[in-house]
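In what follows, a single structure is set out as structure tokens and then discussed.
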There are 2 protein chains.
Amino acid sequence: MPIIVKQAANLLDLFEFFATTGRPASLAELSEHFGWPKSSTFNLITTLVERGFLYEPRPRQGFYPTPRWLNLAQEIAHAEPLPDSLQDFLRDLARLSKETVWLAGSAGQHAVFLSVIESPHAIRYTAQPGKRVPMHATATGQALLCQMPDQRRAVLLRNATYERFGSGTPMTAGEVEAIIQQSLKRGWFMSASAYSQDLGGVSVPLPLNGRMLSATVAGPLFRMGSLMEETAVQMQAAVKRHFGKDYFNRHLPALHQLP
Amino acid sequence: MPIIVKQAANLLDLFEFFATTGRPASLAELSEHFGWPKSSTFNLITTLVERGFLYEPRPRQGFYPTPRWLNLAQEIAHAEPLPDSLQDFLRDLARLSKETVWLAGSAGQHAVFLSVIESPHAIRYTAQPGKRVPMHATATGQALLCQMPDQRRAVLLRNATYERFGSGTPMTAGEVEAIIQQSLKRGWFMSASAYSQDLGGVSVPLPLNGRMLSATVAGPLFRMGSLMEETAVQMQAAVKRHFGKDYFNRHLPALHQLP
DNA sequence: CAGTTTAGTTCATATATAAAGACCAAATGT
DNA sequence: ACATTTGGTCTTTATATATGAACTAAACTG
């Protein structure tokens with residue numbers, strides 16, 4: 001249903017492939033690995049080479065991405081950075097909670113993870129930047145939704161596709177809206193197996209100079225279950241420490257402030 | 001003639017676009033900027049969003065690449081790094097020569113710039129990682145060619161397309177081979193307007209743990225013209241400083257060593 | 001060094017896809 | 001509150017493109 005541009009997606013696959021293998025790869029290897037016809041693989045590689053994104057570190061030992069990727073990615077990240085204060089804040093959360101923590105933004109009907117610090121526990125929630133979860137069915141997403149103008153939120157929730165992911169998945173726009181209002185009154189957003197099985201999490205909205213973000217702490221329900229309220233208090237305190245005592249008053253008056 | 005995968009190239013264009021503008025862009029903006037139909041632009045953006053490579057920093061203010069790009073690029077760069085010693089070496093060359101210096105590897109018939117430090121002079125040679133120049137017609141490329149097994153070099157030179165770029169461009173495989181032999185005997189590779197007009201440069205081959213690299217110092221001919229020999233001596237000395245006194249003996253016995 | 005296997009390249013064509021245009025929604029201005 | 005403009009989405013189809021197959025060149029192997 002969604003229109004995927006095949007060769008753009010293939011290029012991303014290739015990019016991810018090199019990131020995980022970390023080794024040069026020959027045409028034959030790539031063709032084999034992805035199940036692409038040799039000729040197609042050839043064309044794609046040629047394109048990348050022509051544009052200076054792929055080279056041969058060692059003669060006849062295969063191709064590898066040039067530092068150009070890193071260069072461009074750094075320029076991009078540098079121009080519209082997640083402020084250092086945010087990274088500090090995240091690190092703080094990670095340290096206090098010992099669970100996996102992340103920052104998310106929005107993209108259509110989904111929340112996208114922008115920065116992740118994984119828990120040190122062996123059993124933990126695992127994710128990386130770029131991971132997407134449905135906005136309406138997750139605490140992370142709801143903490144984004146609550147920052148939108150009412151009208152836009154209404155539109156988004158109307159167009160959402162309501163699928164049952166777990167026991168607590170909301171199935172109508174009304175339900176989601178109710179959860180959001182209730183969460184604002186409570187002061188934090190909660191998820192407990194609504195989207196990811198056995199996952200418990202606490203999210204807070206985090207508007208920052210016009211950017212619409214949210215922060216989440218999450219882990220296995222058996223660890224998080226009883227600690228949610230406590231985690232929420234910690235999170236709000238951390239927000240105030242990092243972004244100013246009156247941060248919520250100024251940017252999120254609708255959110256209940258915990259003691 | 002070369003087969004370019006259009007949508008892969010478009011994706012690269014988009015990537016580069018964000019790196020240069022550094023701002024979020026809406027579908028309409030992108031469509032307008034590239035002259036792509038709205039529908040095509042939509043499809044491409046959708047693909048990127050679906051894969052977690054694009055998000056909306058601010059509601060309705062357009063899309064921007066997620067940190068995922070940076071993440072992957074860092075993993076890639078980290079797994080097969082240009083050693084720090086190489087970067088130090090480059091910096092040293094830049095400081096000594098006050099000209100633009102770079103490191104290059106090979107990709108098909110071209111040399112690709114992997115790392116560049118630009119001259120502080122207002123009039124200087126400008127380049128960035130990913131830039132490609134024909135292997136047979138540049139000092140940078142010839143310094144790579146000389147490291148190949150004779151047979152591979154022969155094949156490459158046979159398949160090369162000989163185009164006249166400037167006064168000194170070699171036009172046959174034989175000419176290139178002669179230049180290479182002569183340069184090895186001299187101890188360094190020279191270019192003077194053979195490919196880039198008014199550009200003078202000195203290159204040395206730089207094989208490093210199996211990798212086939214070359215280093216080049218280049219600037220406008222009016223500055224470099226009389227300093228080539230001197231620059232070459234400095235470069236060889238720098239190589240010995242950074243990679244060991246007997247580096248050339250061990251890795252490049254064919255290269256004449258300057259006093 | 002000849003024979004065999006593997007790797008890379010080219011090309012015609014069936015097929016998947018990019019794009020034109022119509023449509024819809026939501027801001028913005030009056 | 002209405003009209004207008006702007007931004008985003010959907011669908012159909014002509015067309016550009018991905019690919020199978022055939023080919024060439026290089027690397028092994030005994």
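In this text, all values refer to a predicted model and were calculated from it rather than measured experimentally. Side-chain atoms are counted along with the backbone in the values below, which use heavy atoms only and exclude waters and symmetry mates. Numbers restart at 1 for each chain; the letters A, B, ... are given by sequence-line order, proteins then strands.
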Euclidean distance, atom CD of residue Gln61(B) to atom C1' of dG7(D) [Å, nearest integer]: 13 Å
Classify every nucleotide of nucleotides 17-30 of chain D by which part a protein heavy atom approaches to under 4.0 Å, writing B for the base, S for the sugar-phosphate alone and - for neither, in 5'-to-3' order. SSBB-----SS---
Taking atom CD of Glu32(B) as the centre, report whether more than 12 heavy atoms of other residues, nucleotides or ligands fall under 6.0 Å from it. no
Reading DNA chain C from 5' to 3', where do the contacts with chain B start and stop? Cut-off is 4.0 Å to heavy atoms. dA18(C) to dA27(C)
Are a donor atom and an acceptor atom from the side chains of Asn71(A) and Gln74(A) found within less than 3.5 Å of each other? no
Would you find a donor on one side and an acceptor on the other, under 3.5 Å apart, between the side chain of Gln147(B) and the backbone of Ala143(B)? yes
Side chains of Gln7(A) and Asn10(B): donor-acceptor distance under 3.5 Å anywhere? no
Output yes when Asp13(A) and Lys6(A) qualify as a salt bridge under the 4.0 Å nitrogen-oxygen rule, no when they do not. no
Output yes when a side-chain donor or acceptor of Ser106(B) lies under 3.5 Å from a complementary backbone atom of Ala111(B), and no otherwise. no
Quick check: are there more than 12 heavy atoms from other residues, nucleotides or ligands sitting under 6.0 Å from NE2 of His78(B)? no
Angle between ring planes, Phe15(B) versus Phe53(A), binned at 30° and 60°: parallel, tilted or perpendicular? tilted
